[in-house]
Amino acid sequence: MSVRGITVRGSGISVPDKVVTNADLSATLDTSDEWIRERTGIKERRVGGVTSQLAIEAGRRAIEDAGLQPSDIDVVLLATTTPDALVPATSATVQAGIGIPGGAFDLNAACSGFVYGLVTAAGLAAVGSGRVLLVGAEALSRIVDWDDRTMAVLVGDGAGAVVVEPVDGPGDLISWNLGADGTLRHLLTCDHGGYLFMDGKEVFRRAVRVVVESAQRALSDAGLTASDVDLLVPHQANLRIIQAVCQRLGIPEERAAIVIDRYGNTSSASIPLALDDALRAGRVSAGDHLLLTGFGGGMTWASAVLRWGG
Ligand code: COA
């Protein structure tokens, strides 16, 4: 059987119009702009909307950016932890909203969801699928207790999407690493009808370790080292986590895509939001090595190395 890989073609995002600054939160919570900026790197976040609506807008933009029509897409793969409802899958609403023929399914790997989705899309391509619209979208504001300062200051809403296109040959995804440890599921939880809870300190401690290990495995499988990484696209949970990961991997912080200051933690959406920002800023050239890496509830972690447009 001939080898089929993937290339990423087209990117789009959608964020709610409503900007909530640290000062806005300080008006109702016992917190401050200084604490939030120093401890997390977040200055403001976007709040509002539902996951399907954000995903539809981001998806439409990605398809347009790729120069394609909705009818050119074969599968909608939506990574989210905040589906509109438990049933049906939110991807079905996205499929109908954009007018895409073919399959649709949701994937929940918490904040690692987009990278899990990228690897899944590559697997679909390998067995003969057509183009996949891969979306990471979240309406985390719907599951946050806005009276709980420990969570409210961290999260935001948004969506990012890419078109994943099958190509003959190995394609752009040159290695990946996925992992989970369900014995740590109590660290980050949200029950039916409940609010997000997080043991922030423990998540922080473990996040740096699992991301560094996962990224190193992916780089080693690709036959690369940290010095080969042109752009690190990390999950945006805390600027201090990103800085610690950069330092331990030996990747200068200037090579990281960072949007947490504007959007906060948007879970599955944060990696595609950061990737889109880097693409629009002209920070990615053909042949560049991109390292996407994230972690989240589960715990889960995921890394992927791409040779862009390779
Ligand atoms: N505003 C002001 N003070 C706050 C606060 C807030 N929003 N939240 C907590 N505090 C207080 C605490 O009560 C504590 O006070 P004390 O020293 O009097 O006890 C102090 O600030 C320090 O709290 P601590 O929890 O030790 O802060 P931290 O440096 O660990 O930062 C997080 C907290 C949540 C920002 C950090 O732990 C974190 O980012 N964790 C990982 C988050 C993450 O990755 N989540 C996503 C997973 S996908």
Side-chain angles (χ1 to χ4, degrees), residues 20-45 79-82 107-117 136-141 143-158 160 178-182 184-190 195-212 214-215 233-246 248 256 258-261 263-274 292-303:
V20 175
T21 64
N22 292 344
D24 294 333
L25 292 176
S26 308
T28 55
L29 293 171
D30 180 16
T31 190
S32 65
D33 176 49
E34 190 189 8
W35 191 95
I36 302 169
R37 266 190 295 112
E38 279 181 5
R39 295 286 179 152
T40 72
I42 300 167
K43 294 179 184 155
E44 58 187 43
R45 70 286 292 146
T80 188
T81 48
T82 48
L107 180 160
N108 180 352
C111 308
S112 314
F114 185 81
V115 178
Y116 265 78
E138 301 284 0
L140 289 173
S141 64
I143 58 165
V144 161
D145 176 358
W146 287 98
D147 294 326
D148 170 11
R149 69 176 182 175
T150 63
M151 285 310 303
V153 302
L154 300 177
V155 302
D157 301 333
L178 304 181
D181 181 353
L184 300 174
R185 61 191 181 278
H186 56 280
L187 295 181
L188 188 42
T189 61
C190 182
Y195 291 127
L196 262 184
F197 160 83
M198 178 174 67
D199 180 344
K201 260 196 179 354
E202 198 55 26
V203 172
F204 192 118
R205 203 171 64 81
R206 290 178 183 275
V208 176
R209 197 193 314 153
V210 296
V211 164
V212 168
S214 172
V233 189
H235 172 46
Q236 316 274 313
N238 187 317
L239 183 59
R240 290 186 295 142
I241 294 180
I242 297 173
Q243 288 167 335
V245 165
C246 282
R248 290 196 197 178
I258 295 172
V259 293
I260 188 170
D261 51 328
Y263 299 133
N265 181 350
T266 57
S267 191
S268 313
S270 73
I271 287 179
L273 284 174
L292 278 50
T293 184
F295 64 94
M299 283 188 75
T300 60
W301 53 90
S303 302

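None of these values were measured; they are calculated from a predicted model. The analysis underlying the following values was restricted to heavy atoms, covering all of them including side chains, and did not include hydrogens, waters or symmetry mates. Both counts, for ligands and for their atoms, begin at 1 and track the order of listing.
- Contact annotation: the side chain of L140 approaches that of D157 to within less than 4.5 Å [non-hydrogen atoms, C-beta and beyond].
- A donor-acceptor pair shorter than 3.5 Å can be found between the side chains of E138 and T81.
- Two residues are said to be in side-chain contact when any heavy atoms from C-beta on lie closer than 4.5 Å; F295 and V203 meet this criterion.
- With a 4.5 Å cut-off on side-chain heavy atoms, D261 and L239 do not count as touching.
- Under the 4.5 Å side-chain criterion, counting only non-hydrogen atoms from C-beta, V153 is not in contact with I42.
- Counting heavy atoms from C-beta on, the side chains of N22 and R45 come closer than 4.5 Å.
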Ligand-protein N/O pairs under 3.5 Å (ligand 1):
residue, atom, partner, partner atom, Å
ligand 1, 1 (N), T31, OG1, 2.6
ligand 1, 3 (N), W35, NE1, 3.4
ligand 1, 3 (N), R149, NH1, 3.4
ligand 1, 7 (N), T31, OG1, 3.4
ligand 1, 7 (N), R149, O, 3.1
ligand 1, 13 (O), R149, NH2, 3.0
ligand 1, 21 (O), W35, NE1, 3.2
ligand 1, 26 (O), K201, NZ, 2.3
ligand 1, 29 (O), R39, NH1, 2.5
ligand 1, 29 (O), R240, NH2, 3.0
ligand 1, 37 (O), G200, O, 3.3
ligand 1, 39 (O), N238, ND2, 2.6
ligand 1, 40 (N), G200, O, 2.9

